[in-house]
Amino acid sequence: MRAEVVYHLARRDVVKFLRDRQNLVATLVRPLLWILAVGFGLRRAFDTGATGVDFVSFLVPGVATMAVLFSSMFSAISIVWDREFGFLKELLVAPVPRTTLVLAKMISASVTALVEVSVVLLVSPLLGARIDPLGALVAIPVLVAFGMSVSALGIAVASRMKTFEGFGGIVNFLIQPVFFFSGALYPLDGLPPALAAVVRLNPMSYAVDATRGLCVGVHHFPIALDAGVVLATLGVFGTLAVRSFARMQA
Amino acid sequence: MSPSPAIEVRDLSKRFGDVEAVRGVSFTVKEGEIFGFLGPNGAGKTTTIKMLCTLLAPTSGVLELAGFDVTKNPEDVRRSIGVIFQDPSLDDRLTAEENLELHAVVYGVPRAERRARLDEALAFVELSDRKKDLVRTFSGGMKRRLEIARGLVHRPRVLFLDEPTTGLDPQTRKATWEVLRGLRDQSGMTLFLTTHYMDEAENCDRIAVIDHGRIVAEDSPEALKRAVGKDVVFVRTNEPAALCALLAERYGLTPDRTEEGLCFRVEDGEAFVVQLVSEARVAVTGIAVRRPTLDDVFLALTGRQIRNGNGEAGRAAMRAMARRR
Ligand SMILES: Nc1ncnc2c1ncn2[C@@H]1O[C@H](COP(=O)(O)OP(=O)(O)OP(=O)(O)O)[C@@H](O)[C@H]1O
Ligand SMILES: [Mg+2]
């Protein structure tokens with residue numbers, strides 16, 4: 001595997017992400033709207049006493065993880081796009097191992113996710129969130145690993161899809177429950193047992209928990225467990241992505 | 001001469017559900033050869049190319065490229081080939097230059113040579129002044145030219161070209177052929193191409209004609225034309241009925257009435273014309289003798305005119321017709 005090839009393939013996605021100005025602005029503003037609308041909207045209803053932090057600060061790590069979830073999943077959509085417009089053939093006949101193509105896609109997905117996360121973490125203090133800068137820095141690798149595993153799942157799905165429409169449907173079907181059952185929007189302590197069970201099965205819960213623990217000092221699981229689950233998820237989905245991609249025909 | 005042929009195909013078949021796109025095709029392409037694959041729309045040309053370039057798994061058969069088994073060693077095959085696809089394959093949200101650069105990197109063109117190769121390729125297709133523009137702002141022919149340029153950037157051992165010149169203006173078509181022949185002569189590149197332009201097919205060393213997934217003829221253009229045989233004669237006259245009668249009675253011919261006069265086929269056109277003119281009591285106003293062309297070969301072998309050889313317009317019209325049905 002040649003590093004230069006990975007770099008150029010990943011750069012292609014990032015260049016296109018930065019070039020599409022309208023989309024770029026929309027993606028960067030969307031998480032901030034969540035913080036403004038949901039954060040300030042529900043602040044009064046939130047029992048600060050239970051966690052020791054105000055709701056806006058509590059929400060920011062959840063929104064950052066959400067941004068990673070959405071942007072990584074939608075980075076994988078570019079595979080379906082490439083198939084639709086024919087460029088995928090050019091990649092598939094190239095003398096490059098399929099693993100390289102998958103890795104490049106996962107890297108570009110996490111780079112675009114990182115751009116979004118940085119904006120969330122840099123702007124949210126201006127909105128009144130109290131975030132530990134050092135903790136936020138440590139949370140970034142966790143979010144990158146989470147982003148890569150989400151894009152790997154997206155790649156696995158995209159490799160089996162023939163059309164945009166099909167991919168869009170499946171992705172929405174996957175992404176909504178993952179987001180809502182993750183604790184991005186609410187604390188995990190004292191949940192009804194059924195909900196707690198679902199949340200416990202959701203890998204995103206651990207990414208949110210780690211990020212929240214590191215950024216604002218509130219967490220439900222041990223951070224080491226969080227990191228372990230995120231890495232294991234990356235391993236499983238990464239393998240799945242490589243397998244699905246290798247089987248794909250143009 | 002290398003011991004293994006550039007391409008070796010035996011009993012290749014491909015089935016898509018109920019459609020048998022390729023049915024037991026066999027052929028060999030020698031190193032450094034220009035091999036043309038001709039056939040009507042839907043004959044199985046693109047399907048065969050996709051199997052040869054590792055994009056499609058064959059239903060059955062043996063495929064070897066540069067000595068590598070295509071199904072077992074796809075990576076080795078990919079290192080030996082280049083493909084100019086029939087369908088669009090550019091990233092139109094990148095610039096022309098970015099498309100070529102990514103290709104050069106992916107195909108391992110050494111960094112030191114990259115700049116020169118890109119400039120050379122862009123200059124050849126006359127897109128140097130547009131290299132910083134997004135491909136989506138290009139005309140159809142410009143995109144095609146860019147794809148051809150890209151196919152030449154990494155100088156593969158075997159280059160596949162699926163209808164490379166469709167949609168190109170005559171100057172570019174001519175220039176493209178000069179470059180292709182040059183590549184073969186200088187670097188011994190093997191070219192495997194499909195085309196619906198019979199004048200282009202004349203450039204091939206060997207031609208295989210495929211119809212309904214089967215190869216119906218395979219030889220040099222000259223030999224194929226010889227096999228079709230007879231010369232085509234056109235005679236103009238003011239009294240076509242009388243001449244028709246004469247040709248039928250005296251020589252047993254049944255001429256067709258065409259815009260260029262009466263048309264028929266005989267073994268030795270010139271000798272026949274000399275004899276006819278000296279004997280005929282009918283005033284002849286014009287004569288033309290034509291050797292069989294590849295068009296005649298194509299027609300004789302597939303029983304069809306070249307369908308929709310003029311590209312996009314024809315294809316769109318056919319799609320519209322299919323929709324109306
Ligand atoms: N992916 C596919 N799924 C189903 N059928 C296919 C597929 N690809 C090709 N075919 C069918 O296989 C047959 C051969 O198609 P192919 O594209 O090889 O023709 P071709 O010789 O390249 O024609 P053209 O001159 O129009 O490019 C056609 O009947 C086509 O409909
Ligand atoms: Mg074709």
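Each chain gets a letter, A, B and so on, in the order its sequence line appears, and its residues count up from 1. Fair warning: this is a prediction, and the values are worked out from it, not measured in the lab. Side-chain atoms are counted along with the backbone in the values below, which use heavy atoms only and exclude waters and symmetry mates.
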Between [X] and [Y], what is the shortest heavy-atom contact and its length?
X	Y	result
Asn99(B)	Phe87(A)	OD1-CE1, 3.9 Å
Ser89(B)	Glu90(A)	O-CB, 3.9 Å
Arg2(A)	Val105(B)	NH2-O, 2.8 Å
Val106(B)	Ala94(A)	CG1-CB, 3.2 Å
Asp91(B)	Arg12(A)	OD2-NE, 2.6 Å

[X] versus chain A, heavy atoms under 4.5 Å apart: side chain, backbone, both or neither?
X	result
His154(B)	neither
Val83(B)	side chain
Leu90(B)	backbone

Closer than 3.5 angstrom, by distance alone: can the side chain of [X] be matched with the main-chain N or O of [Y] as a donor-acceptor pair?
X	Y	result
Arg78(B)	Leu92(A)	yes
Arg93(B)	Asp20(A)	no
Lys89(A)	Pro88(B)	yes

With a sphere of 6.0 Å drawn around [atom1] of [X], does it hold more than 12 non-hydrogen atoms of other residues, nucleotides or ligands?
X	atom1	value
Glu126(B)	CD	no
Ile140(A)	CD1	yes
Gln22(A)	CD	no

Could you check whether Glu101(B) pairs with Arg11(A) (Lys NZ or Arg NE/NH1/NH2 to Asp/Glu carboxylate O, under 4.0 Å)?
yes
May I ask you to decide whether Arg19(A) forms a salt bridge with Glu98(B), counting only side-chain N to carboxylate O separations under 4.0 Å?
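The answer is yes: the pair qualifies as a salt bridge.
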Max heavy-atom pairs within cutoff under 4.5 Å with chain A, candidates His103(B), Arg150(B), Arg79(B), goes to Arg150(B)
Quick one: of Leu102(B), Thr54(B), Leu134(B), who has the most non-hydrogen atom pairs under 4.5 Å with chain A?
Leu102(B)
With a 4.5 Å cut-off on side-chain heavy atoms, are Tyr107(B) and Val96(A) touching?
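Of all side-chain heavy-atom pairs linking Tyr107(B) with Val96(A), none is under 4.5 Å.
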Would a 4.5 Å heavy-atom cut-off, applied to side chains only, mark Glu75(B) and Pro97(A) as touching?
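Yes - at least one pair of side-chain heavy atoms lies under 4.5 Å apart.
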